[in-house]
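Since the structure comes first, as structure tokens, the remarks are kept for the end.
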Amino acid sequence: MRHEHRVQLRWSDPDMLGHVNHARALALLEDARLAMTDGRPGGGLILARLEADYLRQLYYRVNEPLTVSSWVTRLGTRSVTVRQELVQDGEVAIRADVVLVVFDFEANASRAMTEDERVHWKSLLEG
């Protein structure tokens with residue numbers, strides 16, 4: 001199942017030509033990832049890897065909400081890989097693969113997923 005999250009471009013996101021800055025676009029993907037875990041099992045994560053493909057220009061338009069689709073492509077013992085796509089005008093503008101590691105902040109080390117966490121992430125598994 002895919003997780004769909006609407007994101008709103010901000011007036012500070014574009015450059016003087018109206019193109020959304022590449023780093024600002026990654027923050028939109030982060031917002032969607034946070035929404036995937038907000039208040040549910042599967043939290044306590046750190047970003048271990050992010051690979052992004054910028055497939056077309058992303059334009060700032062006032063009050064235009066965009067959608068980020070996110071789903072799990074790989075479920076490990078201590079990590080989860082998420083594919084994300086940000087769509088504008090019916091086309092994927094940015095595609096990213098993200099590895100998130102389940103982390104114990106007290107021990108400052110990765111840890112195995114709990115059964116509740118595994119159930120949560122498994123519900124988002126596609127492929």
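The chain is numbered in sequence order, starting from 1. Note: hydrogens, waters and symmetry copies are ignored here, and every other heavy atom, side chains too, is used.
With rounding to the nearest 0.5 Å, the separation of CG in L66 from CZ in R6 is 8.5 Å. Of the inter-residue distances, the one linking M1 atom CE with L125 atom CG reads 11.0 Å to the nearest 0.5 angstrom. Here the NE2 atom belonging to H5 is positioned 11.0 Å from the CG atom belonging to L86, to the nearest 0.5 angstrom.
Minimum heavy-atom separation, D13 to R10: OD2-N, 2.8 Å. Heavy-atom minimum distance, H3 versus A32: CE1-O, 4.0 Å. Considering all non-hydrogen atoms of both residues, A112 and E117 come closest at O-OE1, 4.4 Å.
Note on W71: it does not cluster hydrophobically with V119, by side-chain heavy-atom contacts below 4.5 Å among ILVMFWY residues. L58 and W11 end up in the same hydrophobic cluster when Ile, Leu, Val, Met, Phe, Trp and Tyr side chains are linked at under 4.5 Å. Following chains of ILVMFWY side-chain contacts shorter than 4.5 Å, one can reach L29 starting from Y54, so the two form part of one hydrophobic cluster.
For S110, the side-chain hydrogen bond (donor to acceptor under 3.5 Å, both in side chains) partners two or more places apart in sequence, or in a different chain, are R78. Listed by chain and residue number, E64 satisfy the side-chain hydrogen bond (donor to acceptor under 3.5 Å, both in side chains) test with Q88 (two or more places apart in sequence, or in another chain). Scored by the salt bridge (Lys or Arg N to Asp or Glu O under 4.0 Å) test, R74 finds no partners at all (sequence neighbours excluded). In terms of the salt bridge (Lys or Arg N to Asp or Glu O under 4.0 Å) criterion, residue partners of D97 (sequence neighbours excluded) are, by chain and number, R83. Listed by chain and residue number, nothing satisfies the salt bridge (Lys or Arg N to Asp or Glu O under 4.0 Å) test with E115 (two or more places apart in sequence, or in another chain). For R118, there are no side-chain hydrogen bond (donor to acceptor under 3.5 Å, both in side chains) partners two or more places apart in sequence or in a different chain. With sequence neighbours excluded, no residue forms a salt bridge (Lys or Arg N to Asp or Glu O under 4.0 Å) with E4.
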*asked:* Please evaluate residues L47 and E30 with respect to the criterion side chain to side chain contact (heavy atoms under 4.5 Å, CB included), reporting the C-alpha separation (whole Å), side-chain torsions for both, the decisive distance (0.1 Å), and the verdict.
replied: CA-CA 10 Å; L47 180 75; E30 180 182 31; over 6 Å; no
*Where do R33 and L45 land on the side chain to side chain contact (heavy atoms under 4.5 Å, CB included) test, with the steps shown first?*
CA-CA 10 Å; R33 285 194 307 277; L45 301 166; over 6 Å; no
*Pair H120-V80, side chain to side chain contact (heavy atoms under 4.5 Å, CB included): steps then yes or no*: CA-CA 11 Å; H120 170 69; V80 59; over 6 Å; no
*Please test K122 against M113 for side chain to side chain contact (heavy atoms under 4.5 Å, CB included), starting from the C-alpha separation and ending with a verdict.*
CA-CA 11 Å; K122 194 172 185 179; M113 281 185 215; over 6 Å; no
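Alongside V87, the hydrophobic cluster contains L55, V92 (criterion: ILVMFWY side chains under 4.5 Å). The hydrophobic cluster of Y59 has no other members, since no ILVMFWY side-chain heavy atom comes under 4.5 Å of it.
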Without placing hydrogens or testing angles, list every side-chain donor-acceptor pair under 3.5 Å for residues 99-107, not counting sequence neighbours.
residue, atom, partner, partner atom, Å
D104, OD1, E106, N, 3.0
D104, OD1, A107, N, 3.1

Side-chain donor-acceptor distances from residues 16-28 under 3.5 Å, at least two apart:
residue, atom, partner, partner atom, Å
H19, NE2, Q57, OE1, 2.4
N21, OD1, A23, N, 2.8
N21, OD1, R24, N, 3.4
R24, NH1, S12, OG, 3.4

